[in-house]
Protein chains: 2
Amino acid sequence: MLLTSACKYGIQATIYLGMQKDDSFVSIKKIAEEFTIPFHFLTKVLQLLTQAGIVESTKGAKGGVRLGKDPDAITLFDIIAVIDGEGIFHDCMLGLPGCGLNTPCPAHEFWAPIRTKYEKSARAISLKDLASDTIRKNLRIGK
Amino acid sequence: MLLTSACKYGIQATIYLGMQKDDSFVSIKKIAEEFTIPFHFLTKVLQLLTQAGIVESTKGAKGGVRLGKDPDAITLFDIIAVIDGEGIFHDCMLGLPGCGLNTPCPAHEFWAPIRTKYEKSARAISLKDLASDTIRKNLRIGK
DNA sequence: TGTAATTAAGACAAAATTGTCCGTTATTTG
DNA sequence: CAAATAACGGACAATTTTGTCTTAATTACA
Ligand code: FES
Ligand code: FES
């Protein structure tokens, strides 16, 4: 499994926020229903993103969440790093400590290029890219 | 996390088996000690590989495990597929059902090429490659 | 033939992830 | 100000993964 469920939910939710026309707040309940994500679980995931500044939130009636930065300034890398950590982008495929620092493991030559491509692409793609693509090509984001 | 711990252990163990000079059986206890893997856990992982024919085992004194096929005929893909399943090579990054069959999700354009490279490389690299590299370049496989 | 070695198999425990519930806090609206 | 709304935060439950332990089955060898 490349991403945890928490991270998948977080990506879906932020893309959805990036797709909004204005900058009004969207309730987490709405997002949870849209994607059939357990509401309270999504709440916690979005709290992580809020603490990281990727999402902004406000309590109370008419409250909810929205992106905390320009969608152009948020990358897929950022979202994954906040929720799952940067491990997937740096760690040894076999779990040995300090990939790249010591002697490589047998999988290094295989894994390092793929991981690099993964990291570069993730840093290169913004939430704006993802959201506008989704609208333009009418991609499937919910179930 | 790309691979489960079970899978990492399985890869380490099979590389180790591929590095053996003759085809005598190596005890699982020996492998577990070599790599500091929980013995009974490794036992179960190797049972999966045994059932799949990648590993051969024999009980009793002088028993143990060895590769069940020519190391040239076992790929990294095979090992991962047996232990973690083929999901990582086929599944939608966001967990939507039927990646590639229906409308793509927003992450598809990002993920599909990386996943393809991952699968192709994993199918292209054999246990013989991994094991001989490890010996030739004196790579670090244990801790 | 009997004993030690070693995998197989299943039950169980611990830890991590995922999911649920409830009370608190803050905000809008009437 | 009161009521409704909605995020926050903590406790707790379910599930999955990881790790441990015990017993059975099989093999080598003295
Ligand atoms: S050392 Fe293992 S992948 Fe780099
Ligand atoms: S449909 Fe999501 S990665 Fe292909």
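Lettering of chains follows the sequences in order, A, B, ..., and the numbering in each one begins at 1. Note that this is a predicted model, so its numbers are computed, not measured.
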**Prompt:** Across the strands shown, which category fits Leu46(A) at heavy-atom distances under 4.0 angstrom: base, sugar-phosphate, nothing?
**Reply:** nothing
**Prompt:** In whole Å, what is the span from the CD1 atom of Ile37(B) to the C1' atom of dG19(D)?
**Reply:** 13 Å
**Message:** With a 3.5 Å distance limit and no angle check, can you tell me whether Asp129(A) reaches the backbone of Ser126(A) through a side-chain donor-acceptor pair?
**Reply:** yes
**Asked** Between Ile31(B) (CD1) and dT7(C) (C1'), how many Å, whole number?
**Response** 12 Å
**Asked** Would one find more than 12 heavy atoms of other residues, nucleotides or ligands at under 6.0 Å from atom CD of Glu109(A)?
**Response** no
**Asked** Can any side-chain N or O of Arg115(B) pair as donor or acceptor with the backbone N or O of Asp91(B) at less than 3.5 Å?
**Response** yes
**Message:** Output the rounded distance in Å from CG (Asp84(A)) to P (dT17(C)).
**Reply:** 9 Å
**Message:** Just the rounded figure in Å: distance from C1' of dT20(D) to NZ of Lys29(B).
**Reply:** 16 Å
**Fill in**
Note: Gly10(A) and Val45(A) closest approach over all heavy atoms is CA-CG1, 3.8 Å
**Message:** Please tell me if Tyr9(B) has a side-chain N or O lying less than 4.0 Å from either OP1 or OP2 of dT18(D).
**Reply:** no
**Request:** Report yes or no: does Asp84(A) contribute a side-chain atom to a donor-acceptor pair with the main-chain N or O of Thr4(A) at less than 3.5 Å?
**Result:** yes
**Complete:** Against the side chain of Gln47(B), the closest entry in dG9(D), dA8(C), dA7(D) is dA8(C)
**Prompt:** Between Gln12(A) (side chain) and Ile141(A) (backbone), is there a donor-acceptor pair under 3.5 Å?
**Reply:** yes
**Request:** Might you point out which heavy atoms bring Phe25(B) and Gly64(B) nearest each other, and give the distance in Å?
**Result:** CD2-O, 3.3 Å
Dump the pairs, protein N or O against N or O of nucleotides 14-16 of chain D, anything under 3.5 Å, distances to one decimal.
none

**Prompt:** CG of Leu49(A) versus C1' of dA7(D): gap in Å, rounded?
**Reply:** 14 Å
**Request:** Calculate the interatomic distance between Gln51(A) atom CD and dA7(D) atom C1'; express it in whole Å.
**Result:** 12 Å
**Complete:** Ala81(B) and Glu86(B) have their tightest heavy-atom pair at CB-CG, 3.7 Å
**Message:** If you only use heavy atoms from C-beta on, which nucleotide in dG10(D), dT20(D), dG19(C) is closest to the side chain of Phe41(A)?
**Reply:** dG19(C)
**Asked** Could you give the CZ-to-C1' distance, from Arg66(B) to dT6(C), as a whole number of Å?
**Response** 15 Å
**Complete:** Regarding the side chain of Pro38(B), the nearest nucleotide among dT18(D), dA8(C), dT20(D) is dT20(D)
**Asked** For nucleotides 22-30 of chain C, read 5' to 3', which letter fits each nucleotide if B means a protein heavy atom sits under 4.0 Å from the base, S means only the sugar-phosphate is that close, and - means neither?
**Response** B--BBBSS-
**Message:** What I want to check is whether an N or O donor and acceptor connect the side chain of Lys44(B) with the base of dG10(C) at under 3.5 Å.
**Reply:** yes
**Prompt:** Can the ring centroids of Tyr118(A) and Phe77(A) be said to lie less than 6.0 angstrom from one another?
**Reply:** no
**Item:** Side-chain N,O (Ser27(B)) to OP1/OP2 (dT6(C)) below 4.0 Å
**Value:** no
**Prompt:** Short question: side chain of Asp78(A), backbone of Thr75(A) - any donor-acceptor pair under 3.5 Å?
**Reply:** yes
**Fill in**
Here the distance between atom P of dT27(D) and atom CD of Glu56(B), to the nearest Å, is 13 Å
**Item:** Under-4.0 Å side-chain N/O to phosphate OP1/OP2 contact, Ser57(A) with dC8(D)
**Value:** yes
